[in-house]
Q: 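Structure incoming, see below.
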Protein chains: 2
Amino acid sequence: MVSIRDVSAAAGVSVATVSRALTMPDRVAKATRDRVLKVTEELGYHPNLVARSLRSQQSRLIVVLVTNIANPMLSRCIRGIEKLARELGYSVLLGDTQNDNLIEASYIRLLAARQVDGVILLSSRLHGRVTDLILKANPQAAVVNACACLDVTPCSTVGIDDVGSARVMTEHLLSLGHRRIAVLTGPEESPHSRDRMFGYRLQLRAAGVQFDESLVVSGEFTMKSGADAVDRVLAIPTRPTALFCFNDEMAIGAIQRLTALGHSVPGDISVAGFDDIEFAAFTSPALTTIHQPTADMGTTAMNLLHRRLSGEMQVETVTLPTELMIRQTTAPPRAEP
Amino acid sequence: MVSIRDVSAAAGVSVATVSRALTMPDRVAKATRDRVLKVTEELGYHPNLVARSLRSQQSRLIVVLVTNIANPMLSRCIRGIEKLARELGYSVLLGDTQNDNLIEASYIRLLAARQVDGVILLSSRLHGRVTDLILKANPQAAVVNACACLDVTPCSTVGIDDVGSARVMTEHLLSLGHRRIAVLTGPEESPHSRDRMFGYRLQLRAAGVQFDESLVVSGEFTMKSGADAVDRVLAIPTRPTALFCFNDEMAIGAIQRLTALGHSVPGDISVAGFDDIEFAAFTSPALTTIHQPTADMGTTAMNLLHRRLSGEMQVETVTLPTELMIRQTTAPPRAEP
DNA sequence: CTGAAAGCGCTTACAG
DNA sequence: CTGAAAGCGCTTACAG
């Protein structure tokens with residue numbers, strides 16, 4: 001590997017000058033700078049980032065902590081992060097925590113060991129306090145939460161309006177004429193699930209429809225849990241005419257099971273999802289859902305992180321717009337006999 | 001941050017001894033070692049990996065180069081890689097190349113700049129030569145190909161038997177009584193598509209069924225291309241009774257479009273996929289496909305890389321078994337009228 | 001504007 | 001078995 005020494009020798013200047021020519025060009029005479037740059041080019045010199053990190057105490061390395069990189073929402077979000085990170089000169093270290101506290105802790109240790117500049121959190125649990133843990137161990141680290149900021153320590157956050165979006169979907173179903181709208185929630189510790197539930201209730205009330213506890217069925221945000229929930233939904237005394245699933249995976253599972261049992265969607269029951277993952281547009285029939293700007297969330301998160309790393313000390317919160325995607329799984333309820 | 005100096009001071013030994021106690025414990029007297037470890041524990045010392053990298057010329061950092069991290073197969077594979085990498089003490093840097101040569105090149109530069117130890121390739125193009133490029137720029141790097149090794153330079157490889165697996169699926173369709181089996185291929189530059197095509201033709205021949213060029217329709221491995229292909233499939237003169245899609249996404253797209261056009265799957269036409277992504281089991285009806293051990297591929301790739309980084313100089317090739325998953329989208333063809 | 005020197009936090013021959 | 005010293009490749013006050 002060609003090092004800064006080789007460049008300094010070839011250009012006939014000190015290594016300090018080479019370093020300056022490359023990192024603060026305006027503090028070097030034009031003639032010198034040009035010579036250094038020319039030699040740099042000729043020798044194919046690229047600064048050793050490891051050495052630079054050690055000396056400058058910043059690595060241009062960020063960690064993305066995610067509960068499951070195989071989740072379509074999260075992987076798209078990471079794609080957005082990676083793209084902007086690369087453009088801004090950062091590298092992204094992947095940390096798939098599997099929602100495991102030990103793995104999380106091991107990554108928190110890594111932050112210091114690798115002199116990581118910042119962290120983007122893509123995991124949201126109601127009682128996680130990851131941000132707090134990170135900042136306790138790494139007071140200098142910048143943290144951006146791309147899910148929901150639930151810790152004591154404030155940090156920059158990007159997300160959507162879960163409450164409002166759930167209201168929009170609920171209103172869509174109400175406007176079709178549905179009154180008995182079942183919901184399939186996510187796990188209890190999910191802030192998204194909690195907020196969507198809140199939006200659902202809010203909109204029911206706004207429409208003067210009484211909330212009915214028996215219409216609430218709980219799932220795990222997985223396709224299997226969506227399929228499994230169908231039996232419980234169908235067993236609800238006065239059968240609901242619509243099912244609002246708090247994510248697309250559960251909706252997909254539910255549709256499969258409903259169809260397999262001989263129920264027509266949306267003929268017998270309307271089904272709605274949330275997220276608009278890529279597959280949502282390709283179920284049979286195509287799923288009505290709430291679109292989240294997933295890749296945007298990633299780039300926005302990276303943007304917020306970059307700002308903090310550039311000295312911007314203010315904590316910011318960005319809420320991105322969602323969109324109701326009306327497709328084929330929702331329709332007016334069948335007329336009463 | 002507490003450094004090796006602090007430990008050496010507190011333990012009353014030289015930094016050299018601290019370093020040895022931690023990295024080659026058997027070259028240090030037991031008493032000394034114990035004292036060092038105790039102090040290390042007490043002070044909460046963790047070695048600075050950046051300094052270690054700079055000095056030892058190895059970073060325990062690997063790069064995963066992937067065409068699209070939002071692809072379900074690839075993200076699951078990465079999950080497998082990350083898990084084992086973490087357990088072995090490596091960190092994984094994510095490189096989403098979007099199949100773009102410039103991005104690829106920027107990551108190849110990064111390899112040297114960050115003193116990356118090795119690379120796992122999760123992108124396969126017939127004429128890519130990424131391996132060659134990497135090794136030209138980083139002769140010391142270890143490369144593992146988790147798709148198909150297509151470059152001049154040999155490298156450790158993990159994959160499945162695409163040809164054999166396609167034969168198995170073709171045989172499944174033949175055994176159901178299908179004779180006119182259309183195929184929906186991937187893009188031309190995909191080695192997987194090429195091999196699956198080969199397997200299909202091989203098995204037709206083995207069964208004494210004449211290959212018919214008009215049954216070949218080409219797609220892009222996307223759901224949309226699967227949906228779009230349906231019109232071309234339906235326009236084939238003597239209409240095929242089965243459609244073998246070379247990945248699940250295209251099968252999902254095809255099923256949606258077929259259903260939307262009023263064709264029953266598998267009543268009017270059988271549809272088969274390849275890969276067994278998570279969604280394959282939850283289409284309506286559930287997709288018959290070839291299961292790939294995706295996460296295994298990831299851990300195996302990491303294993304091969306680790307072996308090479310541990311001095312094992314031999315290039316190895318591992319072929320993982322696949323499995324035919326018979327679900328609901330394939331059935332005997334409708335009896336001739 | 002430029003250079004000599006110190007130092008980031010480790011590891012590793014080299015002595016003893 | 002242990003320590004003093006050199007050095008990995010940079011950056012950055014400090015002088016001039």
Side-chain angles (χ1 to χ4, degrees), chain A residues 1-37 39-40 43-61 89 109-117 138 140, chain B residues 1-37 39-40 43-61 89 109-117 138 140:
Chain A
M1 279 290 28
V2 21
S3 82
I4 197 171
R5 260 223 141 60
D6 304 315
V7 178
S8 99
V13 295
S14 72
V15 294
T17 299
V18 175
S19 175
R20 278 192 216 99
L22 295 174
T23 58
M24 12 187 186
D26 38 312
R27 282 190 200 156
V28 165
K30 181 163 178 5
T32 317
R33 191 201 318 149
D34 288 350
R35 190 145 34 94
V36 170
L37 294 181
V39 172
T40 295
L43 298 184
Y45 168 68
H46 295 288
N48 181 323
L49 299 185
V50 177
R52 183 180 280 178
S53 299
L54 181 60
R55 179 58 233 247
S56 66
Q57 305 283 35
Q58 56 160 328
S59 58
R60 295 237 132 201
L61 211 56
R109 274 197 304 279
L110 199 69
L111 260 33
R114 290 214 188 264
Q115 301 196 174
V116 170
D117 292 342
N138 310 72
Q140 84 302 338
Chain B
M1 277 291 28
V2 21
S3 82
I4 197 170
R5 260 223 142 60
D6 304 313
V7 178
S8 99
V13 295
S14 71
V15 295
T17 300
V18 175
S19 175
R20 278 191 215 99
L22 296 173
T23 58
M24 12 187 186
D26 38 312
R27 284 194 198 152
V28 166
K30 182 163 179 3
T32 317
R33 190 200 319 150
D34 289 349
R35 189 145 33 93
V36 169
L37 293 181
V39 172
T40 296
L43 298 185
Y45 168 67
H46 295 287
N48 181 322
L49 298 185
V50 177
R52 183 180 278 178
S53 298
L54 181 60
R55 179 59 234 245
S56 66
Q57 304 283 36
Q58 54 161 330
S59 58
R60 295 236 133 200
L61 211 55
R109 275 196 304 278
L110 199 68
L111 261 33
R114 291 216 187 262
Q115 302 197 172
V116 170
D117 292 343
N138 310 71
Q140 84 301 338

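Naming: A, B, ... by sequence-line order, numbering from 1 per chain. This structure is a prediction, so every number in the text was calculated from the model and none was measured. The analysis underlying the following values was restricted to heavy atoms, covering all of them including side chains, and did not include hydrogens, waters or symmetry mates.
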Q: Looking across every strand, which nucleic acid part, if any, lies under 4.0 Å from B:Ala29 by heavy atom: base, sugar-phosphate, or nothing?
A: sugar-phosphate
Q: Check every strand shown and say whether A:Ser53 touches a base, only sugar-phosphate, or nothing at a heavy-atom separation below 4.0 Å.
A: nothing
Q: What nucleotide among C:dA5, D:dC1, C:dG9 has an atom nearest to a side-chain atom of B:Thr32?
A: D:dC1
Q: With a 4.0 Å limit, can you tell me whether A:Ser19 has a side-chain N or O closer than that to the phosphate oxygens OP1/OP2 of D:dT11?
A: yes
Q: Roughly, in whole Å, what's the span from CD in A:Gln58 to C1' in C:dC8?
A: 13 Å
Q: Quick check: on DNA chain D, is the nucleotide nearest A:Met1 upstream (toward 5') of the one nearest A:Thr17, or the reverse? Name the residue that is more 5'.
A: A:Met1
Q: Paired with C:dA4: which nucleotide, if any, by Watson-Crick or G-U wobble criteria at under 3.5 Å for both distances?
A: none
Q: In whole angstroms, how far is the P atom of D:dT2 from the CG atom of B:Asp34?
A: 11 Å
Q: Please state how far atom CZ in A:Arg20 lies from atom P in C:dA4, giving the value in whole angstrom units.
A: 11 Å
Q: Per the atom types in the model, does the base of C:dG9 pair as donor or acceptor with the side chain of A:Arg55 at under 3.5 Å?
A: no
Q: Is there a donor-acceptor contact under 3.5 Å from the side chain of A:Arg33 to the main chain of A:Pro25?
A: yes
Q: Tell me, with the steps shown, if A:Leu110 and A:Val116 meet side chain to side chain contact (heavy atoms under 4.5 Å, CB included).
A: CA-CA 8 Å; A:Leu110 199 69; A:Val116 170; 5.7 Å; no
Q: Between A:Gln115 and B:Val50 (side chain of the first, backbone of the second, donor and acceptor by atom type, cut-off under 3.5 Å), is there such a pair?
A: no
Q: Between D:dT12, D:dT2, C:dC10, which nucleotide gets closest to the side-chain atoms of A:Met24?
A: D:dT12
Q: Atom CZ of A:Arg33 and atom P of C:dG3: how far apart are they, to the nearest Å?
A: 15 Å
Q: Which whole-number value in Å describes the distance from A:Arg52 CZ to C:dC10 C1'?
A: 20 Å
Q: May I ask you to say what A:Val50 touches in the nucleic acid, namely base, sugar-phosphate or nothing, with a heavy-atom cut-off under 4.0 Å?
A: nothing
Q: In whole Å, what is the span from the CG atom of A:Leu49 to the P atom of D:dG9?
A: 13 Å
Q: Taking all atoms of both residues into account, what is the closest heavy-atom pair of A:Asn138 and A:Ala112, and its distance?
A: ND2-N, 3.1 Å
Q: Between B:Ser56 and B:Ser14, which has a closest nucleotide on DNA chain D that is more 5'?
A: B:Ser14
Q: Atom CD of B:Gln57 to atom P of C:dC10: distance rounded to whole Å?
A: 17 Å
Q: Check A:Thr32, A:Asp34, A:Asp26 against A:Lys30 for a side chain to side chain donor-acceptor pair (under 3.5 Å) and give me the one that passes.
A: A:Asp34
Q: Name the pairing partner of C:dA13, where a pair is Watson-Crick or G-U wobble with both distances under 3.5 Å, or state none.
A: none
Q: Just how far, in rounded Å, is C1' of C:dT11 from CG of B:Leu54?
A: 10 Å
